[in-house]
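Letters A, B, ... mirror the listed sequences (proteins, then strands); counts begin at 1.
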Amino acid sequence: MRPAGKGAHDSLYFTYPAFTAPDRAHVLAREGCKVAIVGAGPVGMFAALTLARFGIASVLFDKKDTFNDGSRAICVQRSSYQALERAGAVKPFIEKAYGWTMGRTFYRGEQILEFEMPHSDSEKYLPMYNIQQQFIEQYLWDAVAASPLIETRWCSEVTGADDTESGARLSVQDTNGRYQIEAEWVLAADGARSAIRSMRGLRLKGDNFPGRYVIADVQMDHAYQTIRRALFDSKSNPDKTILIHRQPDNIWRIDYQMPDGQSEEEAISEDNIRDNVGRILRDIDYQGAWELEWWSIYSANTLALDDYRDGRVIFIGDSAHIVPIFGVRGLNNGLADAENAGWKLARVLKGLSDERLMDSYSPERRGATLDVFENATKSARFMTPPTKGWTVMRDAALSLALDHEWAGAFANPRQMEPFTYTDGGAVLSHTETAGSVKPGAVLPNERLSDDAYLSDLLGNGFTLIVLEEKDPAGLDALKASLLGLDPELECITSGHIRARFGAAGLSRLHERLGTQPGATLLIRPDGYLAGAWPTCVADVIVAQATAAFGRKETH
Amino acid sequence: MRPAGKGAHDSLYFTYPAFTAPDRAHVLAREGCKVAIVGAGPVGMFAALTLARFGIASVLFDKKDTFNDGSRAICVQRSSYQALERAGAVKPFIEKAYGWTMGRTFYRGEQILEFEMPHSDSEKYLPMYNIQQQFIEQYLWDAVAASPLIETRWCSEVTGADDTESGARLSVQDTNGRYQIEAEWVLAADGARSAIRSMRGLRLKGDNFPGRYVIADVQMDHAYQTIRRALFDSKSNPDKTILIHRQPDNIWRIDYQMPDGQSEEEAISEDNIRDNVGRILRDIDYQGAWELEWWSIYSANTLALDDYRDGRVIFIGDSAHIVPIFGVRGLNNGLADAENAGWKLARVLKGLSDERLMDSYSPERRGATLDVFENATKSARFMTPPTKGWTVMRDAALSLALDHEWAGAFANPRQMEPFTYTDGGAVLSHTETAGSVKPGAVLPNERLSDDAYLSDLLGNGFTLIVLEEKDPAGLDALKASLLGLDPELECITSGHIRARFGAAGLSRLHERLGTQPGATLLIRPDGYLAGAWPTCVADVIVAQATAAFGRKETH
Amino acid sequence: MALNFADLEIVYEELARTLDRLSPSEREVFLCKLSLLMARDLGDLSRVQAMIQTAQNHLETL
Amino acid sequence: MALNFADLEIVYEELARTLDRLSPSEREVFLCKLSLLMARDLGDLSRVQAMIQTAQNHLETL
């Protein structure tokens with residue numbers, strides 16, 4: 001919502017574009033597409049960019065005529081920056097967003113916790129960046145619009161999605177009328193209230209948490225670093241919780257638990273928003289002027305589909321799962337869904353993998369969601385305790401934290417690292433290990449020179465890293481076999497690394513990965529480690545990679 | 001109270017005597033007495049017997065015409081038996097009372113504690129005996145009536161007690177009229193509502209505990225040993241407490257905390273008494289017939305005078321202090337008061353001690369009272385917790401006790417051993433020690449042969465025990481000096497003990513007292529250890545005993 | 001070595017007196033703080049878990 | 001050695017879930033039982049007394 005007298009897209013700092021429906025003749029002429037993506041929010045656009053990264057064309061539908069009216073998601077984490085980089089879209093984010101590493105938690109006005117998110121010189125990106133959702137959509141849209149492989153149809157509502165023998169038939173309603181279009185695959189990125197989900201007769205399952213939160217963005221000249229602040233039981237919101245985040249363009253996110261004695265309707269009236277926000281700003285010693293940009297209300301839920309795949313329809317982002325805000329994993333999880341579904345679907349469509357590779361999507365990403373649920377549930381139970389038991393324990397921990405540093409850890413928001421996959425067929429089974437790196441985990445990054453990181457060496461598709469001291473005898477044959485599996489395969493050897501970064505670079509890499517010379521790693525297109533072997537035994541690697549990612553001859 | 005239709009003294013098992021006022025001519029003829037004792041309850045009668053033990057005559061006043069209407073005190077402890085023995089009155093108690101050593105505590109029907117009171121073969125008496133108060137009064141009265149030194153005036157209310165130059169002048173009202181009588185000393189044994197206390201303008205100070213208890217005596221053929229039972233949160237009195245004691249003549253004391261929702265008035269109505277008692281008897285699996293004898297109501301208090309002596313008026317028993325019932329220290333403490341005041345007063349009146357010996361009465365007995373308060377307060381807080389905090393901790397301890405034996409200790413009624421005196425001048429200051437016996441404590445008893453205990457060897461007055469291997473050279477001179485201090489002095493030597501009980505008897509005595517040969521002990525007429533020396537140094541002993549118990553030449 | 005009974009009784013009495021100084025909601029927070037403090041200090045998760053189990057016995061009223 | 005945070009969090013969660021299964025009066029008795037159990041096990045009166053003191057800090061509401 002916006003202040004009285006302002007339109008839904010009347011922002012203090014952002015100019016919304018105005019899109020129109022595509023040309024009627026064009027839409028009637030095109031009968032089908034490989035991939036239809038429903039929803040041109042951040043997740044849908046990123047899915048289109050990921051498919052385009054592998055040369056796959058898509059058609060992107062959205063019923064709106066512009067971006068989201070407000071800025072819901074504002075925290076983008078390191079792994080999402082790495083994914084944006086792989087899709088060639090990270091540059092404007094780096095320029096605009098505010099990176100941060102630190103959070104501070106206050107109880108009754110006293111700081112009880114200052115936490116640093118895991119970070120080191122090995123990393124190319126900071127653990128977290130704050131940027132308004134409008135900018136996220138704008139920058140993704142700039143990349144989408146520039147891609148010849150993506151056709152976007154704004155003002156186009158998908159009203160039906162029926163299975164056909166070779167995929168699905170979408171019914172579309174736009175400003176100019178109705179039409180139908182065939183798609184081999186459908187990516188449903190149409191958000192928390194997904195229409196596709198309803199059309200397919202699917203329901204999210206899980207828990208709702210009590211407690212309502214108001215999020216309000218205000219513009220002000222507030223001098224405070226980009227540090228997440230959490231306030232428990234403050235003067236300005238007794239017994240309740242407040243979160244404060246800095247964003248670009250002097251925008252500050254004030255996120256507060258609805259005070260007792262206000263109904264939801266009252267809480268979102270402009271007068272109450274101004275009252276509550278004003279009280280909070282005085283509480284954090286801000287004396288200057290401020291302008292109200294936008295506000296909304298939300299509650300915490302942990303809801304997910306039982307299966308993110310329904311035939312040829314793949315659910316990505318909020319259409320598949322709704323996670324509590326207190327782990328900043330809504331958007332980030334959605335981007336990971338999009339990349340996971342995108343690279344796998346591209347391989348299937350290009351004939352490099354059997355369709356059953358898609359079976360690994362739901363277990364991997366649903367596993368990640370359940371992991372988010374577990375941590376976000378802990379955070380939500382701390383932020384808005386659902387029952388007397390959780391309330392009294394939370395209050396006990398906060399009260400202890402005033403005297404004991406160790407108790408502050410209960411207030412940690414648990415903004416966790418990417419999930420390590422174990423289910424499904426896209427991680428090679430491993431009875432052996434190669435150092436501290438574990439198949440299913442994101443490959444750690446390492447700075448190899450002033451301007452190059454390990455991640456910069458990875459290819460667009462799979463990457464094989466062979467850390468034998470000398471190139472093994474069968475390396476060429478191995479590369480040839482793997483290129484049959486992925487023509488884009490990149491192969492990096494100890495020799496390459498030593499040549500470019502010296503012996504010191506190579507040993508730094510071993511140290512970071514915990515590997516010994518001989519270790520061989522296979523990296524997936526999404527940066528996850530597919531497999532790891534202590535030595536480069538070509539036939540084992542080829543057999544395992546073919547089984548997991550290739551077309552099976554018996555199929 | 002007694003059942004409808006019965007008189008106040010219409011008992012199922014006891015025939016009350018009927019006393020009349022003394023002859024008018026006699027009371028008008030006698031102008032004065034050495035000691036007037038107000039109150040012919042157990043404490044007053046025992047004080048008269050103690051004075052008589054030392055040859056001191058007394059006049060005993062009581063406004064009633066018979067004994068107490070009901071049986072309040074029923075537990076007589078070992079130290080009281082020893083005192084009764086010293087006064088020559090113990091025999092009928094031994095024949096009638098039920099001795100016991102064990103208690104059992106139940107919580108919600110399950111036994112959580114079985115405790116044994118300290119007892120061994122060294123002791124002449126059991127730690128505790130149950131006997132109705134009527135029998136206590138009857139047996140003491142039999143001894144009083146037989147004593148030529150005690151004149152008892154029943155139906156005689158003392159209505160005034162004014163100081164005179166040589167003592168006090170009592171105003172008395174009896175059935176025949178008023179009169180006055182002079183007394184050198186007054187022992188006020190007129191109970192919890194002491195009229196003497198009011199006349200002297202004194203007030204008890206201390207705390208009242210919440211919770212009302214009903215005590216009811218019933219007659220029934222109940223097969224259970226003489227074991228104190230305490231029931232917490234039972235079916236028959238939820239959340240509340242019940243105590244059950246066996247008494248002679250098939251009488252059982254049912255002592256229960258007033259159930260919630262009954263006013264005091266309702267609680268003592270005969271119907272409710274029968275309901276409540278009936279429920280409790282069913283709860284302890286008694287199925288047979290029972291008859292209601294008597295009932296009353298009480299609450300727990302810890303109240304005492306600041307000083308038990310007011311000039312020539314000495315307060316003994318409940319007139320000086322009211323203790324909670326849960327330590328069975330009301331009567332027993334009163335008997336100890338009477339003996340303490342009695343032997344000291346006898347010495348003063350006989351000219352053996354300076355009057356200031358009486359200054360030691362209040363510190364010693366008030367110290368004992370405060371010690372009782374401390375323990376009884378713990379018991380009372382457990383039986384009827386006064387606040388939420390004590391209630392929840394009590395319930396926690398009881399609940400734990402169902403699983404953990406150690407937690408049962410919280411439910412121990414703390415029926416403690418006699419107090420060890422430290423204050424006042426009646427215990428000799430001691431920088432030395434003689435074994436484990438400590439001056440101010442009761443002399444431990446020891447069985448020396450089949451029919452003789454250490455206590456049997458003690459004299460009526462002080463006793464000197466000299467445990468030198470051979471009689472020391474100055475023993476005769478020492479005895480002569482001490483006999484000047486107390487003509488009744490008894491002297492026991494190692495030689496006497498070895499001659500009568502053999503070397504084994506002597507060594508058993510050393511073991512019990514923790515003494516080495518040479519140890520010399522001085523025992524007071526009330527069985528307390530006055531002093532102890534590692535060797536018999538005559539002049540030290542005479543000097544210390546003279547200072548504490550003798551007439552000072554400079555005075 | 002476990003606290004002896006005399007010491008345990010001191011704890012019992014301090015807890016009772018402390019609870020009486022607190023309001024009902026403060027009492028619960030106090031007891032939960034104390035539980036976390038003592039559990040941490042005990043340093044033995046399985047022992048603490050066993051005690052949490054044991055303490056739940058016999059709570060229902062008759 | 002003190003319980004590590006992961007273990008302490010297990011205690012935290014077990015306590016919260018246990019409290020939710022109990023009525024208000026049961027909650028207090030449960031917590032007092034647990035306090036006595038743990039205090040006894042800790043075996044160090046002065047340490048327990050210090051924790052009883054510490055746990056009373058900051059209980060008053062703002």
Side-chain angles (χ1 to χ4, degrees), chain A residues 106-113 115 207 209-210 231-242 259-260 279-280 283 374-375 377-414 416, chain D:
Chain A
F106 301 82
Y107 175 54
R108 300 181 170 181
E110 275 190 58
Q111 182 173 313
I112 57 166
L113 173 71
F115 65 91
D207 299 317
F209 285 84
L231 283 61
F232 290 89
D233 196 13
S234 60
K235 269 188 214 144
S236 53
N237 204 8
D239 277 339
K240 299 283 186 290
T241 315
I242 301 166
D260 281 334
R279 206 177 322 118
I280 291 166
D283 203 9
E374 196 180 305
N375 282 280
T377 296
K378 286 181 182 179
S379 287
R381 277 192 313 231
F382 203 83
M383 299 291 283
T384 59
T387 60
K388 176 73 184 170
W390 293 106
T391 304
V392 69
M393 289 308 299
R394 194 274 307 260
D395 292 347
L398 286 171
S399 183
L400 277 175
L402 288 172
D403 296 323
H404 304 279
E405 209 181 324
W406 54 262
F410 284 108
N412 192 299
R414 301 156 206 271
M416 20 107 53
Chain D
M1 220 181 59
L3 228 48
N4 63 37
F5 181 71
D7 284 351
L8 196 59
E9 191 168 37
I10 292 171
V11 172
Y12 175 99
E13 298 189 357
E14 283 199 14
L15 286 175
R17 290 198 177 88
T18 302
L19 293 174
D20 277 339
R21 279 194 298 271
L22 302 176
S23 72
S25 65
E26 288 170 350
R27 282 202 296 268
E28 283 192 284
V29 175
F30 161 74
L31 289 167
C32 288
K33 287 177 72 177
L34 185 59
S35 296
L36 284 175
L37 280 167
M38 295 205 288
R40 182 171 178 274
D41 223 46
L42 275 165
D44 181 341
L45 178 62
S46 59
R47 239 180 135 70
V48 171
Q49 287 179 308
M51 290 191 265
I52 292 175
Q53 277 309 309
T54 296
Q56 292 176 58
N57 294 343
H58 322 294
L59 290 179
E60 69 298 342
T61 46
L62 280 180

Kindly compute the distance separating OG (A:Ser399) from CD (D:Gln56), expressed to the nearest 0.5 Å.
-> 11.0 Å

If you count heavy-atom pairs under 4.5 Å between each of A:Leu400, A:Thr391, A:Asp403 and chain D, which one has the most?
-> A:Asp403

Would you say A:Glu405 has more than 12 foreign heavy atoms packed within less than 6.0 Å of its CD?
-> no

Chain D contact via A:Arg381 - side chain, backbone, both or neither, heavy atoms under 4.5 Å = side chain

Any pair with a residue in residues 31-44 of chain D that passes salt bridge (charged side-chain N to carboxylate O under 4.0 Å, His left out), sequence neighbours left out, goes on the list, sorted by first then second residue, please.
-> C:Arg47-D:Asp41

Side chain, backbone, both or neither: which part of D:Arg21 has an atom under 4.5 Å from a heavy atom of chain A?
-> neither

Quick one: does A:Leu398's side chain get under 4.5 Å of D:His58's, heavy atoms only?
-> no

Determine whether D:Leu19 and A:Val392 make a side-chain contact, defined as any pair of heavy atoms from C-beta on separated by less than 4.5 Å.
-> yes

Within residues 3-15 of chain D, the residues sitting under 4.5 Å from chain A by heavy atom, in sequence order, are D:Phe5, D:Leu8, D:Glu9, D:Tyr12, D:Glu13, D:Leu15

Are A:Thr387 and D:Asp20 close enough that a side-chain donor and a side-chain acceptor fall under 3.5 Å?
-> yes

